[in-house]
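Heads up: the structure comes next, in structure tokens.
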Amino acid sequence: MEKRSVKRVAAVHDLSGFGRSSLAVVIPILSTMGLQVCSVPTAVLSTHTGGFEGYSFVDLTDSLEEFFAHWKKLNLDFDCIYTGFLGSSRQISIISKFIDDFVSKKDTLVVIDPVLGDNGNLYSTMGQDMVEQMRTLIKKADMITPNFTEAAFLLDRPYHLDIGDQEIKKWLYDLSQMGPEKVIITSAPARGASKTTNVVAYNREDNRFWKVSCVYIPAHYPGTGDAFTSVIVGSLLQGDNLPIALDRGVQFITAAIRASYGTTYPNREGVLLERVLGHLNMPFLVSSYELLE
Ligand code: PXL
């Protein structure tokens with residue numbers, strides 16, 4: 001791979017015109033973190049699906065193969081392939097081949113955010129076929145970043161909020177046995193602490209489990225999962241280790257939610273990203289990660 005002064009990320013997500021999610025947050029976050037984003041739009045929507053009725057949805061499955069064929073002809077390569085919301089289960093075999101064709105295993109970080117649902121339910125465009133296909137796609141990942149709902153669907157286990165540390169460690173470990181070396185679960189419940197939510201992670205490379213706890217704010221903003229994983233991707237590509245990347249992701253999302261929660265406007269529009277993007281370039285001073293034992 002040629003030596004580049006700016007690292008390059010192929011970002012395979014939808015483009016939603018209104019509401020801050022997917023490419024509308026992936027691009028500004030990664031660009032602010034000094035990375036070049038090469039977009040692969042999986043679908044184009046008028047809005048994301050979280051809280052808007054009657055959105056238009058253009059599935060780009062039929063264009064993907066041609067898109068990737070052109071990139072192959074150009075001999076492009078990437079420091080990272082990062083996938084998120086997919087437009088159809090049929091896209092998964094095409095994206096899987098794209099990963100095979102473009103990964104030179106040592107140099108390309110493959111991050112799969114298995115976007116499927118939240119709060120115990122699948123999103124409106126997702127079905128069981130997508131869950132099953134996603135289980136095959138994550139075999140190709142170095143890292144996956146499901147939320148607690150998506151982890152339950154991938155493992156085919158009940159979504160239950162009284163999960164303890166030992167059981168969540170088992171979930172992390174079992175997900176890593178499905179392929180990825182690193183697994184991060186967001187929005188993991190903190191048993192006995194209703195005002196807290198956890199991000200937990202496992203790294204098979206050193207067999208360590210991590211936890212970052214944060215104050216639970218009782219508001220849901222679509223797109224925060226996309227923003228979180230984007231900060232993790234940016235942080236790892238900048239050379240941070242996994243627990244520092246977790247800390248940076250949590251601190252950024254907390255700042256974004258706090259900037260939004262203190263104002264009244266519709267949650268479905270997403271967090272006020274524009275007010276906090278600059279935080280990504282500030283020195284990182286306070287770290288709070290713990291080993292999960
Ligand atoms: O944030 C995940 C996401 C991405 N893309 C679209 C979505 C959602 C969640 O609702 O609807 C189109």
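It should be emphasised that the depicted structure is a prediction, and the values quoted were computed from it without experimental measurement. Whatever order the structure lists ligands and atoms in, that order sets their numbers, starting from 1.
With a 4.0 Å heavy-atom cut-off, ligand 1 is reached by no atom of Asp118. Residue Asp14 touches ligand 1 through its side chain alone, judged by heavy-atom distances below 4.0 Å. In Pro222, neither the side chain nor the backbone holds a heavy atom less than 4.0 Å from any atom of ligand 1.
Residue Ala259 comes nearest to Leu272 through the heavy atom pair O-CD1, 3.7 Å, listed as atom of the first residue, atom of the second, then distance. Considering every non-hydrogen atom in both Gly34 and Val6, the closest pair reads O-CG1, 3.6 Å.
The pair Asp165-Arg191 does not count as a salt bridge, with every side-chain nitrogen at least 4.0 angstrom from each carboxylate oxygen.
Under a 3.5 Å cut-off, the side chain of Thr108 and the backbone N or O of Phe78 do form a donor-acceptor pair.
Under the rule for a ring pair (Phe, Tyr, Trp, His ring centres under 6.0 Å), the partners of Tyr202 that lie at least two apart in sequence or sit in another chain are Tyr173, Phe209.
Heavy atoms of Gly225 come nearer than 4.0 angstrom to ligand 1 in no pair at all.
Checked by distance only, ligand 1 and Tyr123 stay at 3.5 Å or farther apart across all their nitrogen or oxygen atoms. Checking only distances, His48 never comes within under 3.5 Å of ligand 1, N or O to N or O. Every N/O-N/O distance between Ser16 and ligand 1 stays at or above 3.5 Å.
Listed by chain and number, the hydrophobic cluster partners of Val286 are Leu285, where partners are ILVMFWY side chains within reach of under 4.5 Å, directly or through others.
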